[in-house]
Amino acid sequence: MNPLQRLARNPAAYRRLVLDGRPVAESLEAVLRFATGGRRGVLDLAGLPNVRITTSGRKTGLARTATVQYVPVEGGLLLVGSNWGRERHPSWSANLKATQRVTVRRRGERFVATVRLLSGEERDEAWSTALAHWPNYRVAQERAGRRQFRLFLLTPTA
């Protein structure tokens with residue numbers, strides 16, 4: 001585990017450096033993606049699993065790309081719309097909610113996946129899986145207050 005990964009996994013450090021340092025992390029993400037031609041970003045430096053998702057904007061229809069952390073699950077990827085624990089859902093989650101397919105780029109691999117917003121018991125099970133994989137989602141959920149994070153299951157198409 002690299003030093004950035006250890007730092008990011010520490011709940012106190014996550015709360016202070018990552019959540020409170022969101023603007024710096026977002027700016028650094030943009031610079032790194034530009035400098036590396038989209039191949040590397042902040043989550044890569046921290047050794048955390050991430051993908052770049054591209055879908056049509058729900059209002060504009062234009063292609064929208066976002067880098068998101070994922071939780072590996074059997075048969076797919078679980079995405080958590082934490083938005084750094086802010087009060088609003090992330091814009092990428094609204095775009096995913098409005099579509100059925102998304103293009104996913106992961107470590108040089110590119111594939112199309114179906115999108116499913118999880119709810120009910122299935123969502124509860126997925127949330128437990130997400131917390132087991134990345135306990136700091138609990139920190140972000142506490143900061144978000146009453147907003148319940150959207151959970152999406154991305155399943156690669158044949």
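Every heavy atom of this structure was used, including side-chain atoms; hydrogens, water molecules and symmetry mates were not.
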| request: Check the hydrophobic clustering (I, L, V, M, F, W, Y; side-chain heavy atoms under 4.5 Å; chains of links allowed) and say if V68 and W134 are grouped together. | output: no
| remark: So CZ of R52 and CG of L43: to nearest 0.5 Å the spacing works out to 11.0 Å
| query | To the nearest 0.5 Å, what is the distance between CG (L117) and OG1 (T99)? | reply | 12.5 Å
| CH2-CZ distance between W84 and R143, expressed to the nearest 0.5 angstrom | 10.5 Å
| Counting N and O atoms only, with roles assigned by atom type, does the side chain of R147 sit under 3.5 Å from a partner on the main chain of R86, one being a donor and the other an acceptor? | yes
| request: Indicate the atoms forming the closest heavy-atom contact of A130 with L78, along with that distance. | output: CB-CD2, 4.0 Å
| remark: Between G75 and T155 the two heavy atoms that sit nearest each other are O-CG2, 3.5 Å
| task | Using side chain to side chain contact (heavy atoms under 4.5 Å, CB included) as the criterion, point out the one residue from N50, T54, V51, I53 that pairs with R105. | result | T54
| message | Just verifying a value: how many Å separate R116 CZ and L96 CG, rounded to the nearest 0.5 Å? | response | 13.5 Å
| said: Between L154 and V115, is there a side-chain heavy-atom distance shorter than 4.5 Å? | reply: yes
| Which class fits the ring pair W92 and F152: parallel under 30°, tilted 30 to 60°, perpendicular over 60°? | tilted
| task | Verify the neighbour count for atom CD of E109: are there more than 12 heavy atoms of other residues, nucleotides or ligands below 6.0 Å? | result | yes
| query | Is V73 reachable from V104 through a run of I, L, V, M, F, W or Y residues, each pair having side-chain heavy atoms under 4.5 Å apart? | reply | no
| Non-hydrogen atoms of P156 and G76 that approach each other most closely | CD-CA, 4.1 Å
| message | Give me the atom names and distance for the closest heavy-atom approach of A140 to S82. | response | CB-CB, 4.2 Å
| field | Co-membership, hydrophobic cluster, residues L153 and W127, 4.5 Å side-chain | value | yes
| said: Side chains of L77 and V71, heavy atoms from C-beta outward: is any pair under 4.5 Å? | reply: no
| message | Could you check whether atom CD of E142 has more than 12 heavy atoms from other residues, nucleotides or ligands sitting under 6.0 Å from it? | response | yes
| query | Given the rule in the side chain to side chain contact (heavy atoms under 4.5 Å, CB included) test, do L32 and V42 qualify, once you have shown the distances and angles that lead to the verdict? | reply | CA-CA 7 Å; L32 286 172; V42 173; 4.2 Å; yes
| field | Donor + acceptor pair across side chains of E29, T67 (<3.5 Å) | value | yes
| task | Can you measure from CZ (R64) to CZ (R58) and round to the nearest 0.5 angstrom? | result | 10.0 Å
| Heavy-atom check, side chain of K97 versus side chain of H89, under 4.5 Å | no
| Checking side chain to side chain contact (heavy atoms under 4.5 Å, CB included) against F149, which of L79, V80, N83 comes through? | V80
| said: With a 4.5 Å cut-off on side-chain heavy atoms, are Q69 and Y137 touching? | reply: yes
| request: Using atom types as modelled and distance alone, determine if a side-chain donor or acceptor of N95 lies under 3.5 Å from a backbone N or O of G57. | output: no
| Minimum side-chain heavy-atom gap R106-P49 below 4.5 Å | no
| query | Is any side-chain heavy atom of R101 less than 4.5 Å from a side-chain heavy atom of T114? | reply | yes
